[in-house]
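Report on the structure given below.
Computed over heavy atoms, backbone and side chain alike; hydrogens, waters and symmetry mates excluded.
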Amino acid sequence: MSSSLVRVLLHRAAVARVTLAPHQTLRKTSALSRCGSVLHRQIRGINTFTLPLRTEEKVTINFVNRDGKKISVTALTGNSILDVVVDQNLDFDGFGACEGTLACSTCHVILEEDVYKKLGSISDEEMDMLDLAYGLTDTSRLGCQVCLRKDLEGMLLRVPETVADARVDSQQESST
Amino acid sequence: MALHDTFLHLGRKNLLQHTYKQIFMQTRGLHKTTASGSVDITHSPADLKDDTAKASEEVLDVANAKNLKDMPGPSTVSNLLEFFYRDGFSRIHEIQMEHSQKYGKIFKSRFGPQFVVSIADRDMVAHVLRAEGVAPQRGNMESWKEYRDLRGRSTGLISAEGEEWLKMRSVLRQLIMRPRDVAVFAPDVNPVVEDLVKRIKTMRSLQPDGQTVENINDLFFKYAMEGVATILYEARLGCLEEDIPKMSQEYIEALHLMFSSFKTTMYAGAIPKWLRPIIPKPWEEFCSSWDGLFKFSQIHVDKKLSEVKRKMERGEEIKGGLLTHMLVTREMSVEDIYANMTEMLLAGVDTTSFTLSWSAYLLARHPMVQQQIFEEVERVLGGRVPTGEDVANLPLIRGLVKETLSRLFPVLPGNGRVTQDDLIVGGYFIPKGTQLALCHYSTSMDEENFPSAEEFRPERWLRKDSTDRVDNFGSIPFGYGIRSCIGRRIAELEMYLALTQLLQKFHIKVSPDATDVRAKTHGLLCPGAPINLRFVDRD
């Protein structure tokens, strides 16, 4: 367990050493859902920071936003699609409302069929949330659950319209 | 309005960024994405046509929307009679169904001063929840807040609103919302299940037939309390012991008082403050049960806190779980921790126990289904104790919980929302600030959403493949979105582990003198009579 010693900066400026008990502790990596790398899965505990084991590589991915505009970004492997949207301040209104905790489906993205197949199996929890996604398609995924890999270079993701886009604006006739 | 939306949006973004910075500072080594420019390329939308044109179906034709005045619904007087004279509070779920059949899937009613728009249609529920902003509001929590102000306590996730709520939610959801984070608690919950099994064996041995356990909910209540406390406080309470420790027993009593006084506290909220000197009891009971609940949390949190402090002073390693983590990182003040521990424990006991009771009841009454699920458990585990990871391979166990909780006995028969924006729902213009009641019980029992809705069929939840999907807003027992149940994954884990092991150990059977047990609403949807079951050893 020595490799899993982590440090937590305390508010009172004291530094405590927190050891990870095999099963009693919590994982905490970031405000959003860093993808579960091998390391993250093995370590179960207060994991305030973890240095990735593998080297990260850059991949370029292409979003098509709700206006049909294409946005290309370069991001590191190991990040989730949601991480990328937040890190790069992509302005998709309402995207990722639950911060990648599988409580909503606002980070719904639509993939191309070959990419969708390449990504492999989907957890039941994700499927349950996808059931609630707006404008669901056969190649829909939640952005918080899709991790960037080198072989996803050049992937195209469509950000579907949300019902929130259709919210009433009482000042004007319509907000869309 | 647009400005307001933008403001909220920015607010959320800032908050995310702020959290991010904080984490980044805490964690120096955390790898941030390298700065990389976003390249905007204009792209023809033609080939990417969205099939979501329907999105805008409800779009906001304010001019043509119907007025609330024209919405059907029971008269104020008949509603008053229904609830206060004919005790409608215990039949809320049935009244919900009756009213939706009589007045349509969207109707208005008035409970004293409170005006409510009820929505019993899957698509309309979806519309409301999908349109939610950054800090949805469930309902009027005035009486909860008043107690907290009175005693100088903090609000927790249930009673807090707005920014304050979002701040706490952001901390807590990172700890207990992700399924894989929660699966790690299985080794803590399994010993509690073991104690449950032992307790069942002891209790049935006291019966003449050596098989029956009377009022199974009482036992599941203790299991749920023990289970959730194991995770929240990292401590065993001894609820499943022969002699329950005094402190835990007092807590159980405070909880019971809270639940039993539900109706009076409903009145407590409804009774205007100036009437309190004349009718003091509801408010007094409300306060004293809260006192008991807060006291209990404070004792446990303080105990852990002094343990953490002691270790820090000695420079020892600090090992621990949820509470330790919260006390070490101090992302929340200790007062906020007391409040959240109190509210999470309160929310995680009877909800889980009722669902377990109904699941066991349904299994006993459907031996064929029970056998089918047992075979799956045997095939996957072969008698071994399940881990958190095994649950993914037990789709029928998951189906069992869904069929019980999501469909037949949704523990929260209705959920509330106060609209944060003007909305058009079902063709009606609903102004901002309207109290909505989302009628989950009605949508779960709707034949359009679930064919043969009355039947108990856990296998209806099995998926043929990853494209086998349903539009599922007909059944959302934990809610949806950022104000959905924070304890969802913990509750699921507790239920999956308990039900799996009960099936491994016992044939669950109806007791010979058993009659139909109907549901009644007592705040939550609960068994209207004690459920007595026989637990017959499998070997």
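When each of N65(A), T60(A), L130(A) is checked for heavy-atom pairs under 4.5 Å with chain B, L130(A) comes out on top. Interface summary for chain B: among D124(A), L102(A), D138(A), the most heavy-atom pairs under 4.5 angstrom belong to D124(A).
Heavy atoms closer than 4.5 Å to chain B are found nowhere in S121(A), neither backbone nor side chain. Contacts between K311(B) and chain A at a heavy-atom distance below 4.5 Å are absent for every atom of the residue. Contact of D128(A) with chain B is made through backbone and side chain together, with heavy-atom distances under 4.5 Å. Heavy atoms closer than 4.5 Å to chain A are found nowhere in I486(B), neither backbone nor side chain.
In the displayed structure, K117(A) atom NZ is contacted under 6.0 Å by at most 12 heavy atoms of other residues, nucleotides or ligands.
Each ring-ring contact (aromatic ring centres under 6.0 Å, His included) pair with one or both residues in residues 104-128 of chain A, not counting sequence neighbours, would appear here, but there are none. Judged as a salt bridge (Lys or Arg N to Asp or Glu O under 4.0 Å), the pairs with a partner in residues 475-488 of chain B (not counting sequence neighbours) are, in order, E161(B)-R483(B), R488(B)-E492(B).
Formation of a donor-acceptor pair under 3.5 Å by the R130(B) side chain with backbone atoms of L132(A) is found in this model. Using modelled atom types, no side-chain atom of R173(B) and backbone atom of G100(A) make a donor-acceptor pair closer than 3.5 Å.
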Practice task
Take R463(B) and I122(A) through the side-chain contact (heavy atoms from CB on, under 4.5 Å) test and state the conclusion after the steps.
Solution key: CA-CA 12 Å; R463(B) 291 173 207 273; I122(A) 308 174; over 6 Å; no
Practice task
Quick one: do T101(A) and Q174(B) satisfy side-chain contact (heavy atoms from CB on, under 4.5 Å)? Show the steps, please.
Solution key: CA-CA 7 Å; T101(A) 54; Q174(B) 292 302 330; 4.0 Å; yes
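Nearest heavy-atom pair across A103(A) and S484(B) is CB-OG, 3.6 Å. Of all the heavy atoms in S105(A) and Y480(B), the pair that sits closest is OG-OH, 2.7 Å. The shortest non-hydrogen separation linking I482(B) to A97(A) is CG2-O, 3.1 Å.
A salt bridge links R398(B) to E125(A): one of the charged nitrogens lies within less than 4.0 Å of a carboxylate oxygen.
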